[in-house]
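If you read the sequence from its start, that first residue is 1, and numbering goes on from there.
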Amino acid sequence: MKSKIILVGAILCAITTTGAHAVTKCVALNSSTTCTSTTDSYNTVDWGTTCITNNKRVNITGIGGCGTNYLEGGNIQVIDKLETSDTSNANIYCWCKMTSPATTPWISAASYSSVGTCLRNCAHTCTTSFDNDSIFRDYMIFRMSD
């Protein structure tokens, strides 16, 4: 089974092919889009949410990671590689990445006072940001790739 993601304007389409058959599933992302967490993402790297617009549903999953990539000025940032350190408390910056239905680069989410706090909360922050922050969600959606 092979999937391809197409983003047209604010419509997310997943095309799944199996042999000679193809299925397309599209979800418009607009002001009526609601996303709801599908995972208890505390103390884990995995996060998931389901978005619904006009009675169409798409499941989204991703990972959260704590790294040393500094968050500058509170603006959302995008990086291709999450840097980490062996220094005990250097990995305090939370970054989020979508893994399905498509992949994205790492998107900045938060900074924490300690690595332990980051590790406990990062995936939850990713889910909450995707569900409730339309700017964060746009950053992630408009950077999807196969």
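The NZ atom of K97 sits 9.0 Å away from the CG atom of L82 when rounded to the nearest 0.5 Å. From F130, atom CZ reaches atom OG of S37 across 11.5 Å, with rounding to the nearest 0.5 Å. The distance from the CG atom of D133 to the SG atom of C35 is 11.5 Å, given to the nearest 0.5 Å. With rounding to the nearest 0.5 Å, the separation of CE in M98 from CZ in R137 is 10.0 Å. Taking OG1 of T44 as the reference point, atom NE2 of H124 lies at 12.5 Å (rounded to 0.5 Å). We find the CG-OG distance between N59 and S100 to be 8.0 Å, quoted to the nearest 0.5 Å.
By the rule that hydrophobic residues join a cluster once side-chain heavy atoms approach within less than 4.5 Å of another member, I60 and I76 end up as members of one cluster. Hydrophobic clustering (ILVMFWY, side-chain heavy atoms < 4.5 Å, transitive): I79 and Y93 are in one cluster. No continuous path of hydrophobic side-chain contacts links Y112 to Y42 [ILVMFWY only; heavy atoms under 4.5 Å].
T117 and S114 form a side-chain donor-acceptor contact under 3.5 Å, judged by distance and modelled atom types alone. Donor-acceptor pairing under 3.5 Å is lacking for the side chains of T84 and N91. A donor atom on one side chain and an acceptor atom on the other are not found under 3.5 Å apart for T104 and Y139.
The two residues G65 and W106 come nearest to each other via the heavy atoms N-CZ3, 3.7 Å. F136 and C126 get closest at one heavy-atom pair: CE2-O, 4.0 Å. Across A109 and T125, no two heavy atoms sit closer than the pair CB-CG2, 3.9 Å. The two atoms that bring I92 and V115 nearest to each other are CG2-N, 3.7 Å, heavy atoms only. Between Q77 and W95, the shortest heavy-atom distance links the atoms O-CZ3, 3.6 Å. Across all their heavy atoms, G64 and W47 have their closest contact at N-CD1, 3.8 Å.
When each of T99, T61, I63 is tested with D46 by the rule side chain to side chain contact (heavy atoms under 4.5 Å, CB included), just one qualifies, namely I63. For the disulfide bond (SG atoms under 2.5 Å apart) with C66, the lone residue among C94, C118, C122 that qualifies is C118.
Although no hydrogens or angles enter the test, the distance criterion places no donor-acceptor pair under 3.5 Å between the side chain of R57 and the main chain of I52. S85 places a side-chain N or O within 3.5 Å of a backbone atom of T87 that can act as its donor or acceptor partner.
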Practice problem: Dump the intermediate steps for side-chain contact (heavy atoms from CB on, under 4.5 Å) on V58 and T50, then the final yes or no. | Solution: CA-CA 6 Å; V58 66; T50 298; over 6 Å; no
